[in-house]
Novice: 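My questions will all concern the structure given below.
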Amino acid sequence: MDEQPRLMHSHAGVGMTGHPGLPQHMQEGAGGADGDGRKQDIGDILQQIMTITDQSLDEAQARKHALNCHRMKPALFNVLCEIKEKTVLSIRGAQEEEPPDAQLMRLDNMLLAEGVSGPEKGGGSAAAAAAAAASGGAGADNSAEHSDYRAKLSQIRQIYHTELEKYEQACNEFTTHVMNLLREQSRTRPISPKEIERMVSIIHRKFSSIQMQLKQSTCEAVMILRSRFLDARRKRRNFNKQATEILNEYFYSHLSNPYPSEEAKEELAKKCSITVSQVSNWFGNKRIRYKKNIGKFQEEANMYAAKTAVNAANVSSHGSQANSPSTPNSAGGYPSPCYQPDRRIQ
DNA sequence: TTAAATGATTTTCG
DNA sequence: CGAAAATCATTTAA
């Protein structure tokens with residue numbers, strides 16, 4: 001047991017001054033005391049240890065092999081393994097449990113919803129689909145923005161995927177490397193498969209925490225993109241003249257009950273090249289604003305009433321009677337269908 | 001530059 | 001949930 005300090009010493013000596021210093025050291029330390037033979041032994045052993053560093057890898061390998069072939073090896077190794085098994089079992093309890101990690105799930109869900117991690121291309125997010133629908137007919141105006149948005153999004157997606165793949169690959173490489181190493185070592189060192197498994201899971205955890213950072217920053221990027229582009233919905237554009245005409249026509253011709261059914265909304269949306277929810281918005285705004293100041297809308301009401309009347313006349317009589325339809329607009333003295341302000345809108 | 005108009009969003013209510 | 005009401009943010013007309 002008393003070799004220990006000397007071993008340390010010699011190691012330190014080796015580290016600093018190299019082999020040449022060793023013999024003197026030995027002699028000095030083992031100077032003038034009891035069993036000379038024993039000291040000699042120790043000296044030999046140390047000598048051997050020191051020379052190992054000079055040996056080639058082949059020699060080391062051979063030595064290892066020799067060790068492996070030692071007749072006591074299997075028995076000792078089994079004992080070691082047994083002991084190890086017992087101690088490892090006691091350690092085991094603390095670890096293991098793997099929480100699904102709410103944060104990671106949140107990030108995953110968001111990436112999926114944003115169409116970053118989901119299936120390639122296709123419709124992308126629901127928002128994008130809705131936007132596409134909105135700009136489907138006459139949407140040359142905002143489709144530029146959307147293509148820009150989508151380009152940026154796919155850029156993010158591409159970066160995300162390549163990075164993810166890189167991580168995946170690195171993780172696999174590292175894992176196999178470690179596993180090979182452990183397997184190799186398990187011949188000279190008791191390593192249970194469970195231990196390897198644990199090591200692998202540790203590695204995976206590490207890598208997935210790195211992946212989480214990637215996901216986090218991707219989410220942030222998408223959020224920024226959203227706030228810059230999608231939130232520009234708020235940067236609205238007025239509906240075109242034709243669309244407002246159609247909407248107003250419907251509104252004033254159903255003034256007693258200006259609540260278009262779902263089907264009616266869909267039809268209006270199609271006619272106006274806007275979405276159903278935009279139709280709903282429009283009617284919501286119109287109803288409240290009409291109710292709030294009926295006087296202000298009187299003229300408009302008259303105008304549209306006249307218009308629909310004329311249209312009806314046109315359709316029914318097929319233009320055979322009078323040629324007046326060409327002047328519907330001034331709307332001054334047309335038989336205004338006296339709007340009872342408080343019909344249905346409370 | 002300002003006020004009105006207007007589409008969208010948020011909050012409240014049945 | 002859908003509509004009313006309040007509010008926001010932008011566009012347009014003055």
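Just so we're clear, the structure is a prediction, and the values are computed from it rather than from any experiment. Chain naming here is simple, since letters A, B, ... match the order of the sequence lines and numbering starts at 1 in each. Because only heavy atoms are used, hydrogens play no part in the values below, and waters and symmetry mates are left out as well, while side chains stay in.
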Novice: Just the rounded figure in Å: distance from P of dA6(C) to CD1 of I288(A).
Specialist: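 Interatomic distance, CD1 of I288(A) to P of dA6(C): 7 Å.
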Novice: So among Y290(A), Y252(A), F251(A), Y304(A), which one has a ring pair (Phe, Tyr, Trp, His ring centres under 6.0 Å) with F297(A)?
Specialist: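 Result: among Y290(A), Y252(A), F251(A), Y304(A), Y290(A) is the only option passing the ring pair (Phe, Tyr, Trp, His ring centres under 6.0 Å) with F297(A).
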Novice: Any idea which of dG7(B), dA6(C), dA3(C) is nearest the Y259(A) side chain?
Specialist: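 So the side chain of Y259(A) is nearest to dA3(C).
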Novice: How would you list, by chain and number, every residue that makes a salt bridge (Lys or Arg N to Asp or Glu O under 4.0 Å) with E82(A), sequence neighbours excluded?
Specialist: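 Expected list: none.
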Novice: Heavy-atom count check: over 12 atoms from other residues, nucleotides or ligands less than 6.0 Å from E245(A) CD?
Specialist: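 Yes - once you tally the heavy atoms of other residues, nucleotides and ligands closer than 6.0 Å, there are more than 12.
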Novice: Indicate whether OP1 or OP2 belonging to dA8(B) is found under 4.0 Å from a side-chain N or O atom of Q278(A).
Specialist: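 For dA8(B), OP1 or OP2 has a side-chain N or O of Q278(A) closer than 4.0 Å.
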Novice: Quickly work out the F251(A) CZ to dG7(B) P distance and round it to whole Å.
Specialist: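 Rounding to the nearest Å, CZ of F251(A) and P of dG7(B) are 13 Å apart.
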Novice: Does a side-chain N or O of N281(A) approach OP1 or OP2 of dA8(B) to a distance below 4.0 Å, or not?
Specialist: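 So the side chain of N281(A) is within the cut-off, an N or O lying under 4.0 Å from OP1 or OP2 of dA8(B).
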Novice: E262(A) or N285(A): which one's nearest nucleotide on DNA chain C is closer to the 5' end?
Specialist: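 Here E262(A) is the residue nearer the 5' end.
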Novice: Of all residues at least two apart in sequence or in a different chain, which pass the salt bridge (Lys or Arg N to Asp or Glu O under 4.0 Å) check with E184(A)?
Specialist: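 K64(A), R187(A).
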Novice: In whole angstroms, how far is the C1' atom of dA5(C) from the CZ atom of R287(A)?
Specialist: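 Distance, rounded to whole Å: 12 Å.
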Novice: Find the distance L268(A):CG to dG7(B):P and express it as a whole number of Å.
Specialist: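 Nearest whole value for this atom pair: 14 Å.
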Novice: Angle class for the H177(A)/F174(A) ring planes (parallel below 30°, perpendicular above 60°, tilted otherwise)?
Specialist: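 Answer is tilted, since the angle falls between 30° and 60°.
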Novice: Using OP1 and OP2 only, check whether a side-chain N or O of K291(A) sits under 4.0 Å from dA5(C).
Specialist: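 It does, given that an N or O in the side chain of K291(A) lies less than 4.0 Å from OP1 or OP2 of dA5(C).
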Novice: Please enumerate all protein N or O atoms sitting under 3.5 Å from an N or O of nucleotides 4-6 of chain B, with distances to 0.1 Å.
Specialist:
unit_1 : atom_1 : unit_2  : atom_2 : d
dA5(B) : OP2    : K296(A) : NZ     : 3.4
dT6(B) : O2     : R236(A) : NE     : 2.9
dT6(B) : O2     : R236(A) : NH2    : 2.5

Novice: Any salt bridge between E266(A) and K271(A), counting N to O under 4.0 Å?
Specialist: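 No, E266(A) and K271(A) are not salt-bridged.
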